[in-house]
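Only one structure is covered here, and it is reproduced in the block below.
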Amino acid sequence: MPTTALTAIGTLVTNDPALGDGPLGVRHDAAVVFEDATVVWVGDSADAPAADTGVDLGGRALLPGFVESHSHLVFAGDRAEEFAARMAGRPYGAGGIRTTIAATRAATDDELAANVRRLLDESVRAGSTTVECKSGYGQTVEDELRSVRIAGRFTDEVTLLAAHVPPPEYAGRADEYVTMVVEEMIPRCAPHARWIDVFCEQGAFDREQAHAVLSAGIAHGLVPRVHGNQLHQGPGVRLAVELGAASVDHVVHVEQADIDALAGSDTVATLLPGADFSTRNSYPGARALLDAGVTVALGADCNPGTSYTTSLPFCIALAVREMRMTPDEAVWAATAGGARALRRTDVGALTPGARADAVALDAPSYLHLAYRPGVPLISQVWRGGALVHPN
Ligand code: NIG
Ligand code: FE
């Protein structure tokens with residue numbers, strides 16, 4: 001099988017403390033060898049074994065590919081005018097989702113697939129090598145079914161966001177919508193998804209409705225994840241913990257009992273600062289979560305309403321500047337943290353046996369991701385051992 005040696009790595013992030021310094025397992029003057037799609041060797045550049053292909057990184061930093069554990073890519077249209085109005089003072093509300101539901105229902109399968117492809121290509125150029133993708137802009141059985149099927153053409157990490165917001169034909173009848181989701185939508189869509197998600201929020205779904213949706217998903221073999229505590233304090237975090245969710249995402253408006261519940265659980269808190277940036281929301285209290293021992297992931301939450309970015313480097317910069325995460329914590333959260341949120345052990349680290357997903361920076365250290373915000377630092381991206389950017 002073909003081997004590739006990446007040598008002269010200025011700073012290498014392995015995310016394995018046994019391979020280097022600190023939680024990031026940092027090494028200098030390092031090399032990594034891929035065999036086909038797998039990492040087979042990590043060590044000093046001077047000791048690198050011979051390989052079929054050699055890539056001299058000339059002192060650049062190398063990191064595990066970013067693991068994007070939260071995105072909404074199956075949609076049509078955009079909401080640039082809603083964004084402009086928001087910047088002029090109009091508050092964000094869950095109802096804006098209905099604009100995208102209408103556009104998505106009107107789009108063809110080919111148009112939706114092209115949108116996913118476009119945004120995934122953008123994600124790769126930003127360094128993401130694993131991307132979760134949610135449905136949620138159909139909110140009929142047929143539109144959710146085609147959304148998860150389209151997502152499944154591009155990723156194994158498909159999430160059925162069955163209950164995003166009650167669609168217009170169910171206005172004032174959220175309970176009836178939930179009954180339809182439980183009895184018809186989940187049984188039809190579950191074979192095409194790995195995860196079940198719900199937006200537990202004022203103006204979307206309450207605790208009881210969210211519980212019903214997640215429980216039905218679990219009964220059909222899906223693993224829960226929750227949009228919770230984004231816009232208001234609410235029951236999402238504790239519901240996620242109670243049901244053993246892989247993650248609860250947003251986690252902005254929380255109280256101490258939420259933090260305590262997360263700290264005593266396996267549920268990852270996935271923080272999405274791009275959404276808080278674009279909605280002028282508060283940023284999550286990352287320090288309180290981390291200091292309590294909660295596992296934190298960072299996601300970009302690409303969607304046309306609250307966070308139309310695919311850039312985890314941008315989110316890392318926000319997490320460091322606005323949420324007081326250290327650069328090391330932010331880089332870990334966007335790589336190993338995302339992998340934890342997706343319950344994946346094959347991605348998020350550059351260790352022997354891991355998938356050969358890596359990002360080289362036009363910079364000597366991962367610190368530059370936060371230190372040089374807005375600068376296109378991603379120079380090369382390998383996924384499964386193949387160079388996918390530039391290509
Ligand atoms: O993650 N919070 C709910 N869902 C998306 C927003 C969707 C939209 O506004 O279109 C989010 O922020
Ligand atoms: Fe989201």
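Numbers here are sequence positions counted from 1.
Looking at residues two or more places apart in sequence or on another chain, you find no salt bridge (charged side-chain N to carboxylate O under 4.0 Å, His left out) involving E68. Listed by chain and residue number, F277 satisfy the ring-ring contact (aromatic ring centres under 6.0 Å, His included) test with F314 (two or more places apart in sequence, or in another chain). Remark: E183 engages T179 in a side chain to side chain contact (heavy atoms under 4.5 Å, CB included) (not counting sequence neighbours).
A donor-acceptor pair is defined here as one N or O able to donate and one able to accept, closer than 3.5 Å; such a pair exists between the side chain of N391 and the backbone of V388. Panel note: side chain R86, backbone S278; a donor-acceptor pair is recorded below 3.5 Å. Between the side chain of R98 and the backbone N or O of V165 there is no donor-acceptor pair closer than 3.5 Å. At distances below 3.5 Å, not a single donor-acceptor pair connects side-chain atoms of H28 with backbone N or O atoms of T11. Between the S123 side chain and the L119 main chain, a donor and an acceptor come within less than 3.5 Å of each other. A donor-acceptor contact shorter than 3.5 Å is absent between the side chain of R324 and the backbone of A286. With hydrogens and angles disregarded, no donor-acceptor distance shorter than 3.5 Å links the side chain of D36 to the backbone of G385. Without hydrogens or angle criteria, T309 side chain to S311 main chain gives a donor-acceptor distance under 3.5 Å. Without hydrogens or angle criteria, N229 side chain to H253 main chain gives a donor-acceptor distance under 3.5 Å.
We find that R125 and D121 are not joined by a salt bridge, their nearest charged nitrogen and carboxylate oxygen being 4.0 Å or further apart. A salt bridge links E255 with R238: the distance from a Lys NZ or Arg NE/NH1/NH2 to an Asp or Glu carboxylate oxygen falls below 4.0 Å. Salt bridge present: R287 and E329 bring a charged side-chain N and a carboxylate O closer than 4.0 Å. Look at D44 and R27 and you find a salt bridge, because one of the NZ, NE, NH1 or NH2 atoms lies within 4.0 Å of a carboxylate O, short of that distance.
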Donor-acceptor contacts under 3.5 Å from residues 143-155 side chains, at least two apart:
residue : atom : partner : partner atom : Å
D143    : OD1  : R146    : NE           : 3.0
D143    : OD1  : R146    : NH2          : 3.4
D143    : OD2  : T140    : OG1          : 2.8
E144    : OE1  : S135    : OG           : 2.5
E144    : OE1  : G136    : N            : 3.1
E144    : OE2  : G136    : N            : 3.4
E144    : OE2  : G138    : N            : 2.9
E144    : OE2  : Q139    : N            : 2.6
E144    : OE2  : Q139    : NE2          : 3.2
R146    : NH1  : A107    : O            : 3.0
R146    : NH1  : D109    : OD1          : 2.7
R146    : NH2  : T104    : O            : 2.9
R146    : NH2  : R105    : O            : 3.4
R146    : NH2  : A107    : O            : 2.9
S147    : OG   : D143    : O            : 2.7
T155    : OG1  : V131    : O            : 2.8
T155    : OG1  : E157    : N            : 3.0

Show the atom names and distances, to 0.1 Å, of all donor-acceptor pairs under 3.5 Å that link a side chain in residues 354-373 to residues at least two apart or in another chain.
residue : atom : partner : partner atom : Å
R355    : NE   : D357    : OD1          : 3.1
R355    : NE   : D357    : OD2          : 2.8
R355    : NH2  : T129    : O            : 3.1
R355    : NH2  : T130    : OG1          : 3.3
R355    : NH2  : D357    : OD2          : 2.7
D357    : OD1  : G384    : N            : 2.8
D362    : OD1  : R60     : NE           : 3.1
D362    : OD1  : R60     : NH2          : 3.4
S365    : OG   : L367    : N            : 3.0
Y366    : OH   : D328    : OD1          : 3.1
Y366    : OH   : D328    : OD2          : 3.1

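Side-chain contact between F75 and K134 is absent, with no heavy-atom pair separated by less than 4.5 Å. In this structure, D78 and Y308 have side chains that are in contact, with non-hydrogen atoms separated by less than 4.5 Å. Between F66 and P313, the closest side-chain pair of non-hydrogen atoms falls below 4.5 Å. Between E132 and S71, the closest side-chain pair of non-hydrogen atoms falls below 4.5 Å. Annotation: side chain of T306 is in contact with side chain of Q230 (closest heavy-atom distance under 4.5 Å). The shortest side-chain heavy-atom distance between V158 and H192 does not fall under the 4.5 Å cut-off. With a 4.5 Å cut-off on side-chain heavy atoms, R340 and W332 count as touching. At least one side-chain heavy atom of V182 sits under 4.5 Å from a side-chain heavy atom of V178.
No chain of hydrophobic side-chain contacts below 4.5 Å, direct or via other Ile, Leu, Val, Met, Phe, Trp or Tyr residues, connects F199 to I186. There is no path of hydrophobic side-chain contacts, each under 4.5 Å, that joins L161 to Y177. Placement of L160 and V223 in two distinct hydrophobic clusters is found when ILVMFWY residues are connected by side-chain heavy-atom separations under 4.5 Å, directly or transitively. Residues M323 and V248 fall within the same hydrophobic cluster, defined by Ile, Leu, Val, Met, Phe, Trp and Tyr side chains chained together at heavy-atom separations under 4.5 Å. Under the 4.5 Å side-chain heavy-atom criterion for grouping Ile, Leu, Val, Met, Phe, Trp and Tyr, L272 is not connected to V254 through any hydrophobic cluster.
Among all heavy-atom pairs drawn from G244 and T267, the shortest one is C-OG1, 4.3 Å. Counting all heavy atoms, side chain and backbone alike, V294 lies closest to A269 at CG1-CB, 3.8 Å.
Think of V32 as one node in a network of Ile, Leu, Val, Met, Phe, Trp and Tyr side chains linked at under 4.5 Å; its network also takes in L6, I9, L12, L19, F34, V39, V42, V55, L57, L62, L350, W382, L387.
For D346, the CG atom counts as densely surrounded, since its 6.0 Å shell holds more than 12 non-hydrogen atoms of other residues, nucleotides or ligands. Residue Q256 places its CD atom among more than 12 non-hydrogen atoms of other residues, nucleotides or ligands, all under 6.0 Å distant.
For the residue pair T3 and D52, a side-chain donor N or O sits within less than 3.5 Å of a side-chain acceptor on the partner. Side chain to side chain, H70 and H227 meet the donor-acceptor criterion of an N or O pair below 3.5 Å. Between the side chains of N15 and T335, at least one donor N or O lies within less than 3.5 Å of an accepting N or O.
Screening R79, E82, H164, H72 against T100 for a side-chain hydrogen bond (donor to acceptor under 3.5 Å, both in side chains) leaves a single residue, R79. Considering L289, V237, V241 in turn, V237 is the only one that fulfils the side-chain contact (heavy atoms from CB on, under 4.5 Å) rule with D258.
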One pair to check against side-chain contact (heavy atoms from CB on, under 4.5 Å): D276 and L318. What are the steps and the verdict?
CA-CA 10 Å; D276 307 311; L318 287 179; over 6 Å; no

Side chain to side chain donor-acceptor pair (under 3.5 Å) between D249 and S247: does it pass, once the steps are laid out?
CA-CA 6 Å; D249 302 39; S247 70; 2.7 Å; yes

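Between the CG atom in L342 and the OG1 atom in T345 there is a gap of 11.5 Å [rounded to 0.5 Å].
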